[in-house]
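Beneath this line is the structure, given in structure tokens, with notes to follow.
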2 protein chains.
Amino acid sequence: MFSQAEENYIKSIYVLELEFQNNVSTNLIAKKMQTKPSSVTDMLKKLAVKDLVDYKKYQGVQLTSKGKKVALKVIRKHRLWEYFLVKELKFKWDEVHEMAEQLEHIKSETLIDRLESFLKYPKFDPHGDPIPDKDGKIMITKTINLLNLKVGQKGVIDNLKDSSDTFLKYLTKKNLALRDKIKVVDIEPFDNSIHLETKTHHLVVSKKVAENLNIKI
Amino acid sequence: MFSQAEENYIKSIYVLELEFQNNVSTNLIAKKMQTKPSSVTDMLKKLAVKDLVDYKKYQGVQLTSKGKKVALKVIRKHRLWEYFLVKELKFKWDEVHEMAEQLEHIKSETLIDRLESFLKYPKFDPHGDPIPDKDGKIMITKTINLLNLKVGQKGVIDNLKDSSDTFLKYLTKKNLALRDKIKVVDIEPFDNSIHLETKTHHLVVSKKVAENLNIKI
DNA sequence: AAATATTTTTAGTCTTATCTAAAATGTTAA
DNA sequence: TTAACATTTTAGATAAGACTAAAAATATTT
Ligand SMILES: [Mn+2]
Ligand SMILES: [Mn+2]
Ligand SMILES: [Mn+2]
Ligand SMILES: [Mn+2]
């Protein structure tokens with residue numbers, strides 16, 4: 001149906017649309033996909049012809065509803081495979097992304113549905129991200145960024161803005177995991193670092209770390 | 001490392017080398033891969049540069065030991081994934097080939113090794129074909145073709161020469177499965193059809209069917 | 001409102017993998 | 001041993017997806 005390249009572009013556009021509300025720009029896509037703006041333009045034209053994006057020259061793009069469906073299918077596969085790799089094959093959460101990047105392109109509806117059933121219909125992937133169901137329905141949890149919590153507020157680490165291997169390794173090292181209860185003990189005004197208390201320990205995280213932790217109150 | 005196209009060529013050449021002993025011809029590869037001889041020539045040159053095949057113009061090709069290693073890795077992945085699909089995801093043996101054709105190109109040594117361990121080190125895929133181990137060692141069972149059995153001889157269906165979906169469906173319909181004990185009751189000289197007796201029933205199979213059943217005595 | 005800077009697109013090139021048509025080579029059989 | 005036939009290779013084209021360099025459009029300053 002669609003090539004791997006097309007699927008990757010669609011997925012990136014979907015993610016960027018979530019992060020920034022408006023039309024997604026050529027440059028932004030190029031940066032995310034580690035490619036050149038001219039390559040992006042070429043692809044956007046192709047995707048527009050296939051009715052996957054609305055594209056007007058110099059105006060950025062938006063996914064069509066058809067495009068959104070494709071994106072959600074790819075994301076569904078990515079996250080189910082990640083869950084499989086961690087829960088069944090015992091990989092660590094920072095080891096699975098690259099493999100899932102490949103597995104998400106395996107073409108077979110039944111395969112992914114059987115896998116989902118085999119895994120007992122997990123709702124979240126190893127990084128706390130929701131797994132779209134067969135019909136593309138996705139459960140979005142209302143969270144707020146750790147940066148926006150006030151001193152004394154409590155919450156639970158729900159998901160991560162950045163799921164890069166290095167950030168995941170950092171969290172592991174600092175003994176922070178999804179579903180951990182945290183409490184803001186203090187906020188340092190000078191550099192916005194945050195003093196946290198968890199069930200088991202105290203620690204200070206930088207502003208950069210805090211802005212990548214999404215908290216459910 | 002190698003592209004999907006390259007891996008597919010290498011795998012086909014490996015299979016053809018097993019079936020016909022000598023050098024494999026351009027036309028034979030083209031037929032097997034459903035492509036044109038000129039495309040095969042192009043690819044053979046590339047594979048020769050990468051030291052995966054020995055190629056002399058007009059003389060056909062042979063895998064180098066490096067090529068053989070690549071072939072065995074791809075076959076290992078194909079068969080382990082097929083085993084996973086049948087044993088864990090409950091697909092039928094005639095449903096898994098296409099998916100395995102895609103999964104065999106997923107690049108990750110550790111993934112396939114973990115999968116193998118998860119599956120408890122199976123020795124044969126759902127079609128009776130041996131699964132190469134991590135080092136490319138492959139266990140080849142000595143079998144003889146059903147066509148070569150004499151009246152009265154007994155054996156066990158070990159593996160299939162043709163594993164196409166239509167043949168697999170035929171076997172299922174006729175209630176024949178791998179590891180079934182069979183006995184040749186009679187051979188019809190006119191058309192070489194064979195009257196078989198199994199644990200549960202009697203049946204007649206055509207010459208064409210017989211030549212695709214490999215029997216362990 | 002210009003001038004300047006930034007973003008985006010176009011034009012042209014490259015690589016991989018495919019194809020068709022034609023030429024070259026190899027094989028068979030008169 | 002040469003003509004006919006079959007196989008294989010070459011030449012040239014195409015399509016997807018990437019790139020660089022340059023042009024065009026848009027955005028931001030002055
Ligand atoms: Mn991922
Ligand atoms: Mn994830
Ligand atoms: Mn198969
Ligand atoms: Mn098989």
Once you round it to whole Å, what is the distance between [atom2] of [N] and [atom1] of [X]?
{"X": "A:Gln59", "N": "C:dT8", "atom1": "CD", "atom2": "C1'", "result": "10 Å"}
{"X": "A:Lys36", "N": "C:dT7", "atom1": "NZ", "atom2": "C1'", "result": "15 Å"}
{"X": "B:Tyr58", "N": "C:dA23", "atom1": "OH", "atom2": "C1'", "result": "8 Å"}
{"X": "A:Asp42", "N": "C:dT10", "atom1": "CG", "atom2": "C1'", "result": "9 Å"}
{"X": "A:Lys56", "N": "C:dT7", "atom1": "NZ", "atom2": "P", "result": "21 Å"}

* When the ring planes of B:His127 and B:Trp93 are compared, do they come out parallel, tilted or perpendicular, using 30° and 60° as the limits? ->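 Aromatic pair B:His127/B:Trp93 classed parallel.
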* Classify the angle between the aromatic ring planes of B:Tyr170 and B:Phe167 as parallel (below 30°), tilted (30 to 60°) or perpendicular (above 60°). =>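 Parallel: the ring planes of B:Tyr170 and B:Phe167 meet at under 30°.
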* To do: Give me the residues of residues 3-34 of chain B where at least one heavy atom lies under 4.0 Å from an atom of DNA chain D, by number, or none.
  =>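 The stretch gives B:Ser25, B:Thr26, B:Asn27 as the residues lying under 4.0 Å from the strand, ordered by number.
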Respond yes when some side-chain nitrogen or oxygen of [X] is under 4.0 Å from OP1 or OP2 of [N], and no when none is.
{"X": "A:Thr41", "N": "C:dT9", "answer": "yes"}
{"X": "B:Lys57", "N": "C:dA24", "answer": "no"}
{"X": "A:Lys46", "N": "D:dG17", "answer": "yes"}
{"X": "B:Lys45", "N": "D:dT10", "answer": "yes"}
{"X": "B:Tyr55", "N": "D:dT9", "answer": "yes"}

* Asked: Could one point to a donor on the side chain of B:Ser38 or the base of C:dT20 with an acceptor on the other under 3.5 Å away?
  ->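 Answer is yes: a donor-acceptor pair is held.
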Answer yes or no: are there more than 12 heavy-atom neighbours, outside [X] itself, under 6.0 Å from its atom [atom1]?
{"X": "A:Glu98", "atom1": "CD", "answer": "no"}
{"X": "B:Lys11", "atom1": "NZ", "answer": "yes"}
{"X": "A:Lys66", "atom1": "NZ", "answer": "yes"}
{"X": "B:Lys107", "atom1": "NZ", "answer": "yes"}

* **Terminal axes of the helix from C:dA1-D:dT30 to C:dA30-D:dT1 (five pairs each): angle between them, nearest 10 degrees** =>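 Computed angle between terminal axes is 10°.
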* Asked: Looking at the side chain of B:Met43, which of C:dT9, C:dT18, C:dA24 is the nearest nucleotide?
  ->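 When the side chain of B:Met43 is considered, C:dT18 is the closest of C:dT9, C:dT18, C:dA24.
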* **Validation row: B:Tyr9, B:Thr35 side chains within 4.5 angstrom (heavy atoms)** =>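 Yes. Closest side-chain heavy atoms under 4.5 Å.
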* **B:Val24 vs B:Leu63 side-chain heavy atoms within contact, under 4.5 Å** =>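 The answer is no; the side chains never approach within 4.5 Å.
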* For B:Glu116, the option from B:Lys123, B:Lys134, B:Arg76 that meets salt bridge (charged side-chain N to carboxylate O under 4.0 Å, His left out) ->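 Of all the options given, the one that passes is B:Arg76.
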